[in-house]
Engineer: 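Dumping the structure here so I can ask a few things about it.
Counting convention: from 1, in listed order, for ligands and their atoms alike.
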Amino acid sequence: MSQYKTNEEGFYGDFGGAFVPEMLYPNVKELRNNWQELVEEPAFQKEFQKLLRDYVGRPTPLYYSKNLSARYGAKILLKREDLNHTGAHKINNTIGQILLAKRLGKKRIIAETGAGQQGVATATVCALMGMECVVHMGELDIARQAPNVARMKMMGAKVLPAKSGSRTLKDATNEAIRDWIPNRKDTHYIIGSVVGPHPYPSMVAYFQAVISEEIKWQLQRDFGREHPDTVLACVGGGSNAAGAFYHFLDDEKVRLVMAEAAGKGLDTDETAATGHLGRAGVLHGSLSLVMQDEQGQIIEPWSISAGLDYPGIGPMHAHLLKSGRATSYAVTDNEAIEAALDLAKTEGIIPALESAHALAALNQMAFRKDELLVLNLSGRGDKDMEAYMRFL
Ligand SMILES: *Cc1c(COP(=O)(O)O)cnc(C)c1O
């Protein structure tokens, strides 16, 4: 049994579990009792793999970057999740969850979204499957993220404004939970990262594991070995990192590295580097590292990248850090921007701001000669052009 899988109660070491209000317990229990058996059925696997291939566009290439390799003195490979349909890894998980929802007999999908990426990934698979889709989104975020709201609407989703509190992601999450409790019979809640109550972290990691599954055979094909020396990925909630690490978790020879958003700096109030600054606490139904003040109030995080602007981190990642299995580097907004501009100029690839944090972390790392490093390029930068334009 891998020490990086959960126990029965959903704990990775000290972190995880299902800390939910009693009214939500039946919803979580239904998933917990059924998900693993359902996804392991050959018919499920067949449909999942076929959609990943024909709809998402997998396998994504593992691209050897000559320029980055020459600069850092290591063999640097980019896992091109940016080439997926909708432009990032999130769709691997939404495809998996909607197939699961269908097999659980659900007719309606809900999701919550901050900047809109998860809302778009969910609206996409609902359109594909002809399922009703409701996306809860903070009223303030709706105003700030007009293009993503338009995308969701164009694909037939209903976007419901969360009008309480700060009218952002946290409030949208509360609304989604409020929606789910009375509607369990016909509704599945798609969570977009390896966060939330058990079994979500394990389930999302399982769907994203296709990333490292491909890395293994691509390395074998191109370099004659299945294992890289290092895997590097950015971490918001942690799903793209979980997918890139998954099949290497128990191979201690493989170094696992996370890049987190330091925002304006670790010593400022405007940061989102939970692995560095967080303390144990419960957020969104699981016990993990959380950015909180002395009273346990959640600290509003900051990152220039919407996908990393989250006050927590998945329980698997908290465990990986605590056990010393993984290390984390904190990357500032400016460092990420610089790395993105550099990749665009030297490789002709415009990365998502999130992924640019992983690129910038290379500057803080030391390498053995000819070290084989896979960097998970989680998404493309089209959505971030407004931010990049200020630096051109
Ligand atoms: C959402 C997002 C992330 C952060 O989410 P994880 O769950 O940590 O992977 C990273 N990169 C991109 C492109 C995203 O859209």
Engineer: Going by the order shown, which atoms of ligand 1 are within less than 4.0 Å of some heavy atom of Gly379?
Structural biologist: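 Close to Gly379: 13 (C).
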
Engineer: With clusters defined by side-chain heavy atoms of hydrophobic residues (ILVMFWY) lying less than 4.5 Å apart, directly or transitively, does Val134 cluster with Val120?
Structural biologist: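 No, separate clusters.
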
Engineer: Surrounding CD of Glu270 (heavy atoms of other residues, nucleotides or ligands, distance under 6.0 Å), is the total greater than 12?
Structural biologist: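 Check passes, neighbour count above 12.
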
Engineer: Do any N/O atoms on Ser193 end up under 3.5 angstrom from N/O atoms on ligand 1?
Structural biologist: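 Yes, Ser193 has an N/O under 3.5 Å of an N/O on ligand 1.
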
Engineer: Just need the protein heavy atom nearest to atom 4 (C) of ligand 1, so name the residue and atom and give the distance.
Structural biologist: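 Nearest protein contact, heavy atoms only, for atom 4 (C) of ligand 1 is Gly307 O, 3.4 Å.
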
Engineer: Check this for me - ligand 1, Gly237, N or O atoms closer than 3.5 angstrom, yes or no?
Structural biologist: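 There is such a contact, yes.
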
Engineer: Any Lys/Arg nitrogen of Glu175 or Lys163 sitting under 4.0 Å from an Asp/Glu carboxylate oxygen of the other?
Structural biologist: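 Salt bridge: no.
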
Engineer: Looking at Ile215, is its backbone amide N or carbonyl O close enough to the side chain of Glu226 to form a donor-acceptor pair, meaning the two atoms are under 3.5 Å apart?
Structural biologist: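 No, Glu226 side chain to Ile215 backbone: no donor-acceptor pair under 3.5 Å.
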
Engineer: Check ligand 1 against Ser239 and write out every atom of the ligand that is under 4.0 Å from a heavy-atom position of the residue.
Structural biologist: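 That gives atoms 6 (P), 7 (O), 8 (O), 9 (O) of ligand 1.
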
Engineer: When you look for heavy atoms under 4.0 Å from ligand 1, do you find them on the side chain of Ala352, its backbone, both, or neither?
Structural biologist: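 Only the side chain of Ala352 comes within reach of ligand 1.
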
Engineer: So, Glu81 and Arg380, do they make that salt bridge, N to O below 4.0 Å?
Structural biologist: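 A salt bridge is absent here (no side-chain N lies under 4.0 Å from a carboxylate O).
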
Engineer: Taking only heavy atoms of Ser378, which atoms of ligand 1 are found under 4.0 Å from at least one of them?
Structural biologist: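 By the 4.0 Å cutoff, the relevant atoms are 10 (C), 11 (N), 12 (C), 13 (C).
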
Engineer: Using heavy-atom distances, let me know which of Lys90, Glu354, Gln117 sits nearest atom 14 (C) of ligand 1.
Structural biologist: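 Nearest option to atom 14 (C) of ligand 1, by heavy atoms: Lys90.
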
Engineer: Counting both backbone and side chain atoms, is some N or O of Lys383 under 3.5 Å from an N or O of ligand 1?
Structural biologist: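 Among all N and O atoms of Lys383, none is under 3.5 Å from an N or O of ligand 1.
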
Engineer: Say whether Gly236, considering both its backbone and side-chain N or O atoms, lies within less than 3.5 Å of an N or O atom on ligand 1.
Structural biologist: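 Yes: some nitrogen or oxygen of Gly236 is under 3.5 Å from one in ligand 1.
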
Engineer: Counting from 1, what ligand 1 atoms have a heavy atom of Val235 closer than 4.0 Å?
Structural biologist: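 Counting atoms of ligand 1 from 1, those under 4.0 Å from Val235 are 8 (O).
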
Engineer: Can you tell which of Arg255, Lys369, Arg368, Lys253 makes a salt bridge (charged side-chain N to carboxylate O under 4.0 Å, His left out) with Asp229?
Structural biologist: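 Exactly one option meets the salt bridge (charged side-chain N to carboxylate O under 4.0 Å, His left out) with Asp229, and it is Arg368.
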
Engineer: Can you find an N/O atom of His89 closer than 3.5 Å to an N/O atom of ligand 1?
Structural biologist: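 Looking only at distances, the answer is yes, because the N/O contact criterion of under 3.5 Å is met.
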
Engineer: Answer yes or no: does an N/O atom from Gly238 fall short of 3.5 Å to an N/O atom of ligand 1?
Structural biologist: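 It does: an N or O of Gly238 is found under 3.5 Å from an N or O of ligand 1.
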
Engineer: Give a yes or no on whether a salt bridge exists between Lys322 and Asp14, defined as a side-chain N under 4.0 angstrom from a carboxylate O.
Structural biologist: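 Salt bridge between Lys322 and Asp14, a charged N being under 4.0 Å from a carboxylate O: yes.
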
Engineer: Kindly assign one of parallel, tilted or perpendicular to the pair Tyr310 and His284, based on the angle between their ring planes and the thresholds 30° and 60°.
Structural biologist: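 Tyr310 and His284: tilted rings.
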
Engineer: Quick one: which ligand 1 atoms are inside 4.0 Å of a heavy atom on Cys234?
Structural biologist: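 Reading through ligand 1 atom by atom, the close ones are 10 (C).
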
Engineer: When the ring planes of His319 and Tyr4 are compared, do they come out parallel, tilted or perpendicular, using 30° and 60° as the limits?
Structural biologist: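 Geometry flag for Tyr4 against His319: tilted rings.
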
